[in-house]
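First up is the structure itself, then whatever we jot down about it.
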Amino acid sequence: MTLTDAPARVRRMAPAFDARIGGPLAFLVALAVVFGIAGNNFWTFANIRSVFFVAAILVIATLAQSTVVVTRNLDLSIGAVMAGSAYFALLLIDAHPGLGGLLLPMAICIGAVMGAINGFIVAFIGIPSLIATLGTLSLFRGLIYASADGRQISVGSVPDWLLSLVAARPFGIPVLVVVGIVAVVAVGVVFQRTGFGRNLFAVGSSVQASEFYGLPRRGTVLRAFILSGTLAGIAGTFLAGRAGTVTVDIASGYELQTLAAAVIGGASLLGGTGSALGAALGALILATIDNGLVQVGLSGYWQGFVQGCAIVLAVGFDVLLKRQFARRVERR
Amino acid sequence: MTAATDIRGARRWLPGGRAQRPYLGLPGWNTGLIVLIVVTTVWASMSSPAFLHSAQLFAAGQAVVVTAILALGLAMVVIVGEIDISLTSNLAFCTVLAGMAAAGGVPAALIIPIALLAGVLLGLLNGVLVAVYGMPSLAVTLGAMGAYQGAAYLVGGDNGYTQFPTAVQELGIGYVGPVPISLIAFGIIAVLFAVILTTTTVGRSMYVVGRAAEVVRRNGSSVIVTKLCAFGLGGLTAGVAALVFVGYYGSGSGSAASDSILLVVTAVALGGLDIYGGTGRISSVVLSLILIGVLQDGMGLLNVDTTVQTIVIGLLLIVSLSVSRLLAGTHGPLLPQFLRRSPPASTSSS
């Protein structure tokens with residue numbers, strides 16, 4: 001879609017693709033209305049703030065996942081990358097206490113390296129991302145376990161500045177939420193305003209077309225994984241800050257949560273679609289479901305069921321949009 | 001696909017010798033697996049005298065048989081070019097259903113078909129969404145994974161059910177002579193699936209659908225029926241594995257086997273199956289399962305930390321696939337031209 005050079009036609013097709021934001025947004029609003037009617041405390045400032053606070057880290061992690069999903073790949077190792085970047089950075093700080101202020105840059109670098117490993121295996125060796133990141137998931141997680149040396153909890157020394165930063169609420173708005181919003185805007189700019197972003201979508205839409213067009217397919221996928229690892233590093237650091245301690249199991253389960261959020265937010269696992277705003281909406285929807293079911297008084301058992309149905313609904317919606325789009329193309 | 005890949009693909013489809021049967025999977029893959037199994041067996045039996053005893057080996061087999069049965073089912077789905085990551089949740093739901101039936105006084109002779117039928121139906125539900133409505137299977141089964149497990153929790157609560165008739169549990173803990181019944185069940189399913197794949201029309205069309213669904217569709221054959229068969233057989237393995245699980249662990253709940261789906265996918269990938277469909281043999285999956293079983297058992301006997309086991313299996317997966325890719329030369333730009341087996345396909349999809 002990005003390769004079309006006729007702006008008029010693109011504009012005519014645009015409505016179908018705006019639905020990728022509109023759909024999740026409508027779903028989120030519907031959820032909020034239903035929970036607001038069914039539960040008394042959903043629409044309070046404190047509760048909405050807590051939804052956003054809980055969602056913030058998932059938003060950043062989903063942005064990391066989306067970056068890869070757009071290129072028609074996926075990253076099952078994202079939870080392990082989050083854990084690894086936070087864990088190894090904190091280990092370094094443990095050994096050299098003077099480096100405490102550099103926690104975030106170090107975590108980002110470690111995340112980027114892990115992302116680069118994934119990207120190299122996928123783009124240059126050619127192993128399908130599903131399997132490659134399944135392997136690196138075991139690998140990264142295993143390395144964390146191994147360096148923890150059997151201790152279940154280690155590195156309790158999350159720097160104080162991080163703890164107070166995560167807990168801080170200037171003007172009543174948690175810093176974490178601000179970080180999440182900044183990340184959404186930044187990734188949105190990368191997706192829509194840079195050549196690299198356009199390459200991501202082009203490669204995801206059609207590998208062959210983009211290669212005939214002369215786009216660097218392998219390099220783009222590699223860089224997508226590096227950007228993804230970078231974001232995962234940020235998410236991992238703040239998750240460590242929010243949790244206060246870093247266990248070896250930290251962030252496990254994020255691989256499927258982020259995939260779910262990305263899909264609910266309108267990204268297709270077949271590549272070529274997705275947006276930063278959609279990723280944020282997807283993560284918010286998951287957090288709203290979690291929060292709302294508790295507010296309504298339904299047991300936590302409904303959580304997985306409702307989330308699963310939401311995913312299938314989102315995928316069905318995506319298929320409908322694709323058919324509509326294909327019909328428009330045929331009609332021309 | 002460029003002309004180059006098309007020509008090569010066409011050549012590989014010509015009838016004739018072994019090299020012309022690409023659906024078998026990567027050339028030399030089974031040989032490689034057998035070599036690895038022999039090496040690990042020798043290593044394990046040399047470093048631990050307890051390893052090579054039939055009782056020990058059968059016990060080790062029982063420990064991985066749930067994963068192994070699911071891997072067979074996943075292999076069928078992967079061959080048609082789809083994936084079903086909800087198999088473990090399907091299993092969880094079947095265990096809870098069996099538990100509920102047992103609690104309701106349903107006789108054992110009925111519980112077994114109920115569990116199997118439930119597995120097949122849940123598999124088919126995924127299949128309908130994927131094959132009929134054209135949804136991507138990874139996303140659909142990601143949703144189904146949550147939904148089925150959630151349903152299992154809704155029905156069974158946190159603790160699930162722990163009372164099952166002995167006749168049902170026999171499948172998980174019973175023995176015929178020295179051989180556990182669960183391993184026999186695994187063997188029967190493996191043979192059954194291999195026969196389906198190699199001798200029946202449906203089995204043959206599974207490969208073709210996995211390779212080129214569009215071609216089959218335009219040819220007037222039914223992609224939908226073939227894919228439904230694969231998903232149904234996948235669901236059937238979830239039902240069987242649920243009965244084995246219930247017998248072996250004596251409980252059925254939403255958390256049953258919840259963390260083993262990644263190992264199931266690993267086993268299938270290590271079997272050399274193309275995750276995009278169209279190739280693979282049941283024998284490869286069985287060999288890869290044996291390799292994983294021997295590795296885990298051997299390392300367990302040596303008190304190797306489970307974390308190291310995780311690293312080893314992750315590395316094994318990546319290294320084995322990397323080596324095969326580099327040797328096959330279709331994807332790797334890293335290997336010098338003269339070392340590649342066939343000319344590189346410049347635009348093969350990643």
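Computed from a predicted model, the values in this text were never measured in an experiment. Letters A, B, ... mirror the listed sequences (proteins, then strands); counts begin at 1.
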Mind listing the closest non-hydrogen atom pair of [X] and [Y] along with its distance?
| X | Y | result |
| --- | --- | --- |
| B/Ala151 | A/Phe305 | N-CD1, 4.0 Å |
| B/Thr310 | A/Ser138 | O-CB, 3.5 Å |
| B/Ile311 | A/Ala146 | CD1-CB, 4.3 Å |
| A/Val319 | B/Pro136 | CG2-CD, 4.3 Å |
| A/Ala132 | B/Ile318 | O-CD1, 4.0 Å |

Heavy-atom distances under 4.5 Å only: say whether [X] touches chain B with side chain, backbone, both or neither.
| X | answer |
| --- | --- |
| A/Leu313 | neither |
| A/Ser268 | neither |
| A/Leu139 | both |
| A/Leu74 | side chain |
| A/Arg323 | side chain |
| A/Leu259 | both |

Roughly how far apart are [X] [atom1] and [Y] [atom2], rounded to 0.5 Å?
| X | Y | atom1 | atom2 | value |
| --- | --- | --- | --- | --- |
| A/Glu255 | B/Leu262 | CD | CG | 7.0 Å |
| A/Leu130 | B/Ile275 | CG | CD1 | 5.0 Å |
| B/Leu154 | A/Gln303 | CG | CD | 11.0 Å |
| B/Ser322 | A/Ile127 | OG | CD1 | 3.5 Å |

Heavy-atom proximity to chain A below 4.5 Å, by part of [X]:
| X | answer |
| --- | --- |
| B/Leu317 | side chain |
| B/Val265 | both |
| B/Ile313 | neither |
| B/Asp274 | neither |
| B/Met145 | side chain |
| B/Leu270 | neither |

Among B/Gly143, B/Gly314, B/Gly150, which residue has the highest count of heavy-atom pairs closer than 4.5 Å to chain A? B/Gly143
Here's a test for you: under side-chain contact (heavy atoms from CB on, under 4.5 Å), which of A/Leu269, A/Leu270, A/Val315, A/Val263 qualifies with B/Leu138? A/Leu269
Looking at A/Gly304, A/Ser129, A/Cys309, which one has more heavy-atom pairs under 4.5 Å with chain B than the rest? A/Gly304
